[in-house]
Amino acid sequence: MSTENTPGPRGIEVSGTGAARTPDYDFTIGQILSEGWQRVSGLKGPFWIAAILVLVVTMLAAVVLTGIGSLLGINDTSGLGIVTTLIVQLAITAIIYPFMAGIVMMGVRRSVDLPISYHEVFAYFAYVIPLVVAAILMSLLMTLGFILLIIPGIYLAVAYIFTVPLIADKNLGAWEAMETSRSAVTRHWFKVFFTLVIMGLIFMISVIPLGLGLIWTYPMMVSVMGVMYREVFGVTQSS
C-alpha cells in the first residue's frame, strides 16, 4: 500500500505538513448512486468477511474492556469511577475507528478499481491517534451543534463525512482532515446531504424483505462513500 502524497485527479494537493487545498468539484446524485451500485460487484464478498470479523473482534474487546473496567470500579460514582469509564470508552474508540477506516477505504479503493481484501480492515491501526482525536473532536463539536438549535449539528455531521478517509488516504492530522472535509463538503453541502438521505432511504427499504436486501445495501453504502470521496478529493493510494 502506498501512502505517498500526490495530487489527486481534481487538483487536491496534500503537503508533507498535512495542509491541504481542496479542489473544485461537482457531481450529480444519480451519478454517485448509480456508480456506487455498480461497484458493489467485487466489494460485497470482502466487505462481509471484513464486517463479520470486525463485529466479532469489537464485541470481544468491548466485553473484555468492560469486564476490566468493572473490576477497576467502572460503576463507581466517584472520580476514579468516572476516569475508569472514560478510559474504557477511549480504548473501545481506539479499536473501532481503525476498523471503520479500513471499511471506508475498501469503498475508496473499489472506486478506482484497486484490489481489495478483507485484510484492509487491519491496515489502519498506524493512524489510531489521529482517528481517535478526530472522533473525540467531531463528537464534541457535533454535540454542541445539536444543542445549538440542531441545525449546526446536522451541518457538521454531513460536513465531517470524509474525515476518516482523509486521515487514512491523505495522511492528514485530525483537525486538518476535519477542516479539509468541512471546507470541501460545504461547497456542495446539499448534494452530499441528499445523497446520504437517499442512500439511507434505500437502506431502510432494503430491510423490509426480511433484511435480505442488506446483503447488497450495506456494501453499497460503503461504495457510495468511496465514489463520493474520489469525486471530491481523488485517491492517493496507488497499490
Side-chain angles (χ1 to χ4, degrees), residues 25-59 62 93 95-124 131 135 138-139 142 153-169 181 184-185 188-233 235 237:
Y25 71 94
D26 200 2
F27 61 80
T28 66
I29 296 174
Q31 165 208 340
I32 297 296
L33 293 173
S34 176
E35 185 177 348
W37 171 250
Q38 292 170 8
R39 291 185 179 275
V40 168
S41 176
L43 173 63
K44 187 165 76 273
F47 167 83
W48 278 112
I49 295 173
I52 292 169
L53 285 173
V54 169
L55 178 63
V56 170
V57 172
T58 302
M59 288 179 63
T93 301
I95 293 170
I96 290 174
Y97 264 76
F99 282 144
M100 183 187 302
I103 293 288
V104 171
M105 288 306 297
M106 290 176 73
V108 171
R109 291 173 65 84
R110 182 72 186 98
S111 75
V112 289
D113 296 317
L114 288 173
I116 56 175
S117 166
Y118 67 89
H119 294 103
E120 193 78 17
V121 293
F122 301 104
Y124 297 95
L131 287 169
M138 287 189 293
S139 178
M142 285 188 287
I154 296 174
Y155 164 74
L156 290 177
V158 175
Y160 288 149
I161 196 72
F162 297 121
T163 297
V164 167
L166 281 168
I167 292 172
D169 181 52
S181 178
V185 170
H188 294 289
W189 188 90
F190 283 100
K191 282 191 176 182
V192 176
F193 173 74
F194 282 112
T195 300
L196 296 174
V197 168
I198 294 171
M199 186 64 243
L201 291 173
I202 293 171
F203 182 83
M204 286 189 291
I205 292 171
S206 75
V207 177
I208 295 173
L210 302 177
L212 295 177
L214 298 178
I215 296 173
W216 291 271
T217 54
Y218 255 127
M220 182 182 174
M221 290 178 66
V222 174
S223 180
V224 164
M225 276 290 300
V227 172
M228 270 205 299
Y229 175 84
R230 182 204 66 202
E231 288 299 297
V232 179
F233 298 104
V235 178
Q237 293 189 11

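What you see below is based on every heavy atom in this structure, not just the backbone, and it leaves out hydrogens, waters and symmetry mates.
- Each of I202, L196, T195 was scored for a side-chain contact (heavy atoms from CB on, under 4.5 Å) with I198, with one residue passing: I202.
- Under a cut-off of 6.0 angstrom, the local environment of OH in Y218 is sparse, with at most 12 non-hydrogen atoms contributed by other residues, nucleotides or ligands.
- In terms of the side-chain contact (heavy atoms from CB on, under 4.5 Å) criterion, residue partners of V197 (sequence neighbours excluded) are, by chain and number, F193, L201.
- Taking 4.5 Å as the limit, every side-chain heavy atom of V164 sits out of range of all side-chain heavy atoms of Y124.
- Here the closest heavy-atom approach between residue I215 and residue K44 is recorded as O-CD, 3.4 Å.
- Closest of all the heavy-atom pairs between T93 and P98 is O-CD, 4.2 Å.
- Side chains of V224 and W37 form no contact here, defined as non-hydrogen atoms less than 4.5 Å apart.
- We find that E35 and R230 are joined by a salt bridge, their nearest charged nitrogen and carboxylate oxygen being less than 4.0 Å apart.
- Side-chain contact between M199 and I32: absent, with no pair of heavy atoms (C-beta onward) separated by less than 4.5 Å.
- For the atom pair M105 CE and I167 CD1, the distance stands at 11.5 Å (nearest 0.5 Å).
- If you take CZ on R109 and CG on L43, they are separated by 12.0 Å, rounding to the nearest 0.5 Å.
- Remark: the backbone N or O of P219 is not paired with any side-chain donor or acceptor of S223 at under 3.5 angstrom.
- A distance of 11.5 Å separates OG in S111 from CE in M228, rounded to the nearest 0.5 Å.
- Heavy atoms only, all atoms of each residue included: A184 and V232 are closest at CB-CG1, 3.8 Å.
- With sequence neighbours excluded, the residues that form a side chain to side chain donor-acceptor pair (under 3.5 Å) with Y155 are R182, T186.
- Here the closest non-hydrogen pair linking M106 and A50 is SD-CB, 4.0 Å.
- The CD1 atom of I103 sits 12.0 Å away from atom CE of M221, with the distance rounded to the nearest 0.5 Å.
- Under the side chain to side chain donor-acceptor pair (under 3.5 Å) criterion, S139 pairs with no residue at all, not counting sequence neighbours.
- Results of the side-chain contact (heavy atoms from CB on, under 4.5 Å) test with Q31 over L33, I29, T28 single out T28 as the only residue that passes.
- Here the shortest heavy-atom pairing between W48 and L214 reads CZ2-O, 3.2 Å.
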Derivation of the side-chain contact (heavy atoms from CB on, under 4.5 Å) call for R39 and D113: CA-CA 9 Å; R39 291 185 179 275; D113 296 317; 2.8 Å; yes

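- I95 pairs by the side-chain contact (heavy atoms from CB on, under 4.5 Å) definition with A61, L65, F99, not counting sequence neighbours.
- Distance alone, capped at 3.5 Å, is enough to place a donor-acceptor pair between the S181 side chain and the F162 backbone.
- Using a 4.5 Å heavy-atom cutoff, the side chains of V40 and R110 are not in contact.
- In this structure, the side chains of L53 and F122 come closer than 4.5 Å at one or more pairs of heavy atoms.
- Between V108 and P165, the shortest heavy-atom contact is CG2-CB, 4.3 Å.
- The side-chain heavy atoms of L166 and Y229, taken from C-beta on, include a pair separated by under 4.5 Å.
- Judged as a side chain to side chain donor-acceptor pair (under 3.5 Å), and not counting sequence neighbours, H188 has no contacts.
- Listed by chain and residue number, nothing satisfies the side chain to side chain donor-acceptor pair (under 3.5 Å) test with Y97 (two or more places apart in sequence, or in another chain).
- Using a 4.5 Å cut-off on side-chain heavy atoms (C-beta onward), M138 and L156 make no contact.
- Under the 4.5 Å side-chain criterion, counting only non-hydrogen atoms from C-beta, P46 is not in contact with E120.
- Between the side chain of W189 and the backbone N or O of V158, no donor-acceptor pair lies under 3.5 Å.
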